[in-house]
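Data block below; observations after.
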Amino acid sequence: MAAVGERPDSATMLPVMLDVRDRACLVVGGGEVGRRKALALLDAGARVTVVDPDPIAALAALADARRLRLERRAYRPGEGSRYRLVYAATDDHETNRRVAADAEGAGVWANVADEPELCTFHVPARVRRGALQVAVASNGEAPFAVRRLRQLLEHRLAGDWAAWIAAAARFRTRVRALAIAPEERERLFDNFFAATVAPQALSARVPAAGEEAAWIAGAAAPAGATAGRGFVSLVGAGPGDPGLLTLRARQRLLAAEAVVYDRLAEPVLPPDLPESVELHPVGKEAGHHPVPQGEINALLVRLGREGKRVVRLKGGDPYVFGRGGEEAGELQRAGIPFEVVPGVTAGIAVPACAGIPVTSRDEAVRVTLVTAHESARADGSFVHWDQLAHDPHATIVAYMAVSSLANVSANLIAGGMDPQCPAAMIERGSTSAQRVVCAPIAELPAAAARAEIRPPALLVVGPTVRHAATLGCFAHRPLFGRRLAVVAPAAGLREALEEAGAEVVEVPRPLSPASRIVLRALPLTGCVLRDGDEAEALAAEPAASGARAVAWCLGTGTAARARALGWARVVELDTTAGWAALAAAVGRDDEADSDR
Ligand code: SAH
């Protein structure tokens, strides 16, 4: 058996919950620390003896109230061996050591306050909610970190967890009384958990009696009756900036069993999506429809029939030029329950990111969201460009505008629009790849062609477009255009990079399937690597270690590792100056880097 304090580095302590009810436990030391230990033991139902020649009054009061036994004397050698659990909390190292040695000799677990090397057990920090206890520990190596984490959890665990755990215990008793198969039992427990716990908010509620009854009645129903539990959420992913995903969208994604997603939605998939989630790319790019709409509809229906929680993730808002209405209709006809989680549509957000307010009191009192794609219809467009051309106090936002731009421009001018009317094409708005080209509507097709604007891009026409020059602050920040991968957890670093204008992809280690999709969704300009292990994790992903990506490395060792792992461009950064200085260094060095 290893001696006290000789735990091999690789060994972590075993967490256990001890039942000390009616068991004899000793606290040596009757000061404030001893009192706290005694109270914790009393709370757990132990028979407590405190030994101290001169205990504090609070302990004397507990003894007077017959809650514990108090021996007003010094510790007697050998005494510790008669107890189940011993705490030493004196300020005399010799006594503490004696207590620990007696305990160890007799096979009794001992904890010595502030002397971790003498302890055979540590007491975790804990968050309590009734019978529920979350324990936090660090093998005694970083108690300060443990305390802060405990406080964080204390705040984050919202709602009525104490009542929830009591309800869960009651529910378990009821379910165990049913004569059902173990899988069915687990399904009921799943129901209970899914319906009562909000994973993002870390909050819990007690289910109503009716809800519990319904789950239990469901379990008693004949086999097959459980089909149809499936549920499809048609979720808007916003314009591409992951920060513009709604809270509900993220909740649905993290609770999903299957995600069916478009190309436009790839950058906003949560990299921490659990590995167990089925991923179904049905990517649509302008001009290409790799998975025909009929097949997408059929896939949604099939996944729903399999009883899965499905997220259909679509760029922007699902009902704005997204065929979300068709998918909803199909689900409705198939009898599969569904919902819509609206998203931030590109037509409003993308102009904003380019400095263009789509309405303005004195300039534009109407916005038209229109598809430019229509103008290519052989049977004649539904869009009456000539009517739109006549309103000088309006903004026109045209989706899918790249291939038909010349056509739309000509139609508007032929319809009577001033050829000098301000207009813009915005590619990949809201993301690190955003590009904006502004020109009068007559000249925009040529300007966009010169700039090689590619889908996805929006056309914006109207008087407020002229504000792009002054309000387009999005692109002015020093790290704008940089898309950087960092390994989670990256708080501090991530904020500093984002504040400087970078888009940050925070990926778990090892890389999850979702995080690989996100890394590849838009060009990555680099990785910020804090140590060799992070370099290792990202080197395996071509998108992160490819020729165009710079490895920004903290410290010489990290840089050497990145070079060894094959990064073509490695920049070493000073680790001592703090995150904000590091973000500034990434901007500076990148400018100096002429082949960017
Ligand atoms: N449902 C989406 C639109 C889908 S149609 C929404 O509400 O935004 C696809 C078109 O949306 C693209 O061709 C492009 O015109 C536009 N679009 C989507 N995201 C964009 C972005 N980040 N930047 C520019 N245009 C975008």
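For the numbers below, each heavy atom of this structure counts, side chains included, while hydrogens, waters and symmetry mates do not. This is a predicted model, so every value here is computed, not measured. As the structure lists them, so they are numbered: ligands from 1, and atoms in each ligand from 1.
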- Message: Checking the N or O distance criterion of under 3.5 Å, is ligand 1 in contact with Met400?
- Response: yes
- Query: How far apart are the closest heavy atoms of Val301 and Ile336, and which atoms are they?
  - Reply: O-CD1, 3.3 Å
- Message: Check for me whether Lys314 has a heavy atom closer than 4.0 Å to any atom of ligand 1.
- Response: no
- Non-hydrogen atoms of Gly315 versus ligand 1: any pair closer than 4.0 Å? yes
- Compare every heavy atom of Gln434 with every heavy atom of Cys353, then report the nearest pair and how far apart it is. O-NE2, 3.3 Å
- Note on the structure: Note: ligand 1 atoms sitting under 4.0 Å from heavy atoms of Asp317 are 1 (N), 6 (C), 7 (O)
- Answer with side chain, backbone, both or neither: which part of Val402 has a heavy atom less than 4.0 angstrom from an atom of ligand 1? neither
- Item | Atom indices of ligand 1, in the order listed, that fall short of 4.0 Å to a heavy atom of Ala346 | 6 (C), 7 (O), 8 (O), 17 (N), 18 (C), 19 (N), 20 (C), 26 (C)
- Query: What about Gly240: any of its N or O atoms under 3.5 Å from an N or O on ligand 1?
  - Reply: no
- Message: For the 3.5 Å polar cut-off, considering only N or O atoms, please tell me whether Gly429 and ligand 1 meet it.
- Response: yes
- Task: Look at the side chain of Thr558 and the backbone N and O of Leu554, then say whether any donor-acceptor pair between them is shorter than 3.5 Å.
- Result: yes
- Query: Looking at Thr345, which atoms of ligand 1 are within less than 4.0 Å of one of its heavy atoms?
  - Reply: 6 (C), 7 (O), 8 (O)
- Do Leu253 and Leu245 have side-chain heavy atoms sitting under 4.5 Å apart? yes
- For the atom pair CG (Leu234) and CG (Leu313), what is the distance rounded to the nearest 0.5 Å? 10.5 Å
- Query: To the nearest 0.5 Å, how far apart are OG1 in Thr371 and CE in Met400?
  - Reply: 3.5 Å
- Item | Arg323/Glu327 salt bridge by N-O under 4.0 Å criterion | no
- Message: Under 4.0 Å between a side-chain nitrogen and a carboxylate oxygen: does that hold for Arg520 and Glu541?
- Response: yes
- Message: I need the atoms of ligand 1 closer than 4.0 Å to a non-hydrogen atom of Ile426, numbered in the order shown.
- Response: 24 (C)
- Message: Which of the numbered atoms in ligand 1 are under 4.0 angstrom from any heavy atom belonging to Val350?
- Response: 21 (C), 22 (N), 23 (N), 24 (C)
- Task: Just go through Pro456, Ala457, Gly347 and tell me whose heavy atom is the nearest to atom 15 (O) of ligand 1.
- Result: Ala457
